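Along the sequence shown, the residues carry numbers beginning at 1. Just so you know, these numbers come straight off a predicted model, no measurement behind them.
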Amino acid sequence: MQNFSHPFSHSRIFRWRRTYRNLKRTRQILTTFLKYGFEDVLERVRVRYFVRWRQKFQKKPLPEVHVLHPAARLRLAFAELGPTFIKLGQLLSTRPDLVPPVFVREFGKLRDEAAPLPPEVILQQIQREFGKKPEELFAEFDPQPLASASISQVHHARLHDGTEVAVKIKRPNIHRTVEDDLAILHDLAALLTRYLPELQLYDPMGIIEEFDKSIHREMDFLLEARNIERFRRNFRTSSFLVVPRVFWDYTTESVLTMEYLRGKKFSELMDEGISQELRQKITREGSKVLLDQIFEHGFFHADPHPGNILLLPDGRLALLDYGMMGNIDPDLREALSDFLYGITKKDIDLIVRKLRDITHFPEDLDERRLKIDLADFIDRYYDIPIRQLTFDQLTNDLLAISRSHRIAIPADFVLLLRALVISEGLIRQLDPDFNLIEQVRPIAM
């Protein structure tokens, strides 16, 4: 029988299916935004079918959300919409240069937790990746996860030679879910840019493009494995920091197998209390590790929150989760040093020149106004003893200036500032008298 099917019929079917999925998902996203009180935004961006959906969902109002700040309502909507939106909110919580502080605080509350997958799903995922049953790969494999998040979950296992490992396994079909959501987010960002000119200050299209790259990096476990190996090489001579080994024979783009490290997380330590001697050791050695990452290696762990820091039984520290890393090249390090030097000398012209090197100025920048704001910033801190200064204070004020002048700061530089602020907060929990700025100043100069 003659085949009269179109030569591109399979691709057409695929596109139709994806379009249908996107339409269903778009409706779910928009109705969730309606649920949390963003009907005015949807009206302004002229979303098709909005009026019909609004009429339907007004029958199920959530009147309590209207007493909440828009940042809180958006955070609730993101949490309900699942993995992609939770990750977007978490990214925005790291970009105080792009979004107002109240949104940064609200998005910082988003927790990337998910119900564990059934054991048979995880076992099938391993077999798909390696072509072998889990019992052939591992001497032992615990189907109950140590942790479960929206992108992946982590399991304890033991190799046939007795080595304990942590196996990070990507959730099946997560790529398709993320790609569908990204397509919709790109469309929504374009609508926001076109119809809400007041949001152009925050560059919706740029945010989604950065997020697109970020989430694809996070879903590539081979990239994370290479990050671990590079970090491990950088600190191979350290007597204080432990970086887990990667087991490449058990690692793919969707499965990452690394050394299992036993210890207590930083958050647990603070609950239990630790000796003054150990506090001082962690503070002293930990700050050295942090500054070596930045000023010696130019490759740093960008998410040093308490859950990613482990104190081993022998008193050494280990860092976990290498999905979010930052790079600071030599030119940027030099420009940063000159920038800090300009602040100490109150040299506004040098500060502006180095800001121009580090960041991207808008074409219509009012440089005179910028110099006035920077002079006010320096005067505010100039006579304060350095022991009383914190990265948190300095960073918040500098980023407020950058937002008001629409100065675009490189993502890695913002990650660096965030890593310094988080690390400073942890260090001050251990030793309130320790000042990280005092440690940075001689190195940066």
Peer 1: Side chains of His186 and Asp212: is there a donor and an acceptor less than 3.5 Å apart?
Peer 2: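 Short answer, yes.
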Peer 1: Not counting sequence neighbours, which residues clear salt bridge (charged side-chain N to carboxylate O under 4.0 Å, His left out) with Asp357? List them please.
Peer 2: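 Only Lys354 meet the salt bridge (charged side-chain N to carboxylate O under 4.0 Å, His left out) criterion with Asp357.
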Peer 1: Counting only pairs under 3.5 Å, give me each side-chain donor-acceptor contact of residues 405-414, with atom names and distances, residues two or more places apart or in other chains.
Peer 2:
unit_1, atom_1, unit_2, atom_2, d
His405, NE2, Asp373, OD2, 2.7
Arg406, NH2, Asp364, OD1, 2.6
Arg406, NH2, Asp364, OD2, 2.7

Peer 1: List the residues meeting side chain to side chain contact (heavy atoms under 4.5 Å, CB included) with Thr283, not counting sequence neighbours, and say none if there are none.
Peer 2: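 Testing Thr283 for side chain to side chain contact (heavy atoms under 4.5 Å, CB included), a comparison that skips the adjacent residues, returns Ile427, Leu430, Asp431, Phe434.
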Peer 1: Salt bridge or not between Arg73 and Glu106? Use side-chain N to carboxylate O under 4.0 Å.
Peer 2: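 Salt bridge flag = no for Glu106 with Arg73.
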Peer 1: So, for Arg403 and Asp97, which heavy atoms are closest and what is the spacing to 0.1 Å?
Peer 2: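 In this case the closest contact between Arg403 and Asp97 is CG-O, 3.0 Å.
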Peer 1: Check the angle between the aromatic planes of Phe107 and Phe103 and answer parallel, tilted or perpendicular using the 30° and 60° thresholds.
Peer 2: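 It falls in the tilted class, 30° to 60°.
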Peer 1: Assess the pair Phe235 and His297: is the distance between their ring centroids shorter than 6.0 Å?
Peer 2: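 Yes: the rings meet the under 6.0 Å criterion.
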Peer 1: For Arg353, which residues count as a side chain to side chain contact (heavy atoms under 4.5 Å, CB included) partner, sequence neighbours excluded?
Peer 2: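 Here the qualifying residues are Asp349, Leu350.
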Peer 1: Suppose we screen for side chain to side chain contact (heavy atoms under 4.5 Å, CB included). Which residues come up paired with Ala157, at least two apart in sequence or across chains?
Peer 2: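 Ala157 satisfies side chain to side chain contact (heavy atoms under 4.5 Å, CB included) with Phe138, Phe141, Val165, Val167 only.
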Peer 1: Please name all residues satisfying ring-ring contact (aromatic ring centres under 6.0 Å, His included) with Phe33, sequence neighbours left out, ordered by chain then number.
Peer 2: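 Applying ring-ring contact (aromatic ring centres under 6.0 Å, His included) to Phe33 gives none.
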Peer 1: Can you tell whether the side chains of Arg44 and Glu39 come within less than 4.0 Å, N to carboxylate O?
Peer 2: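 No.
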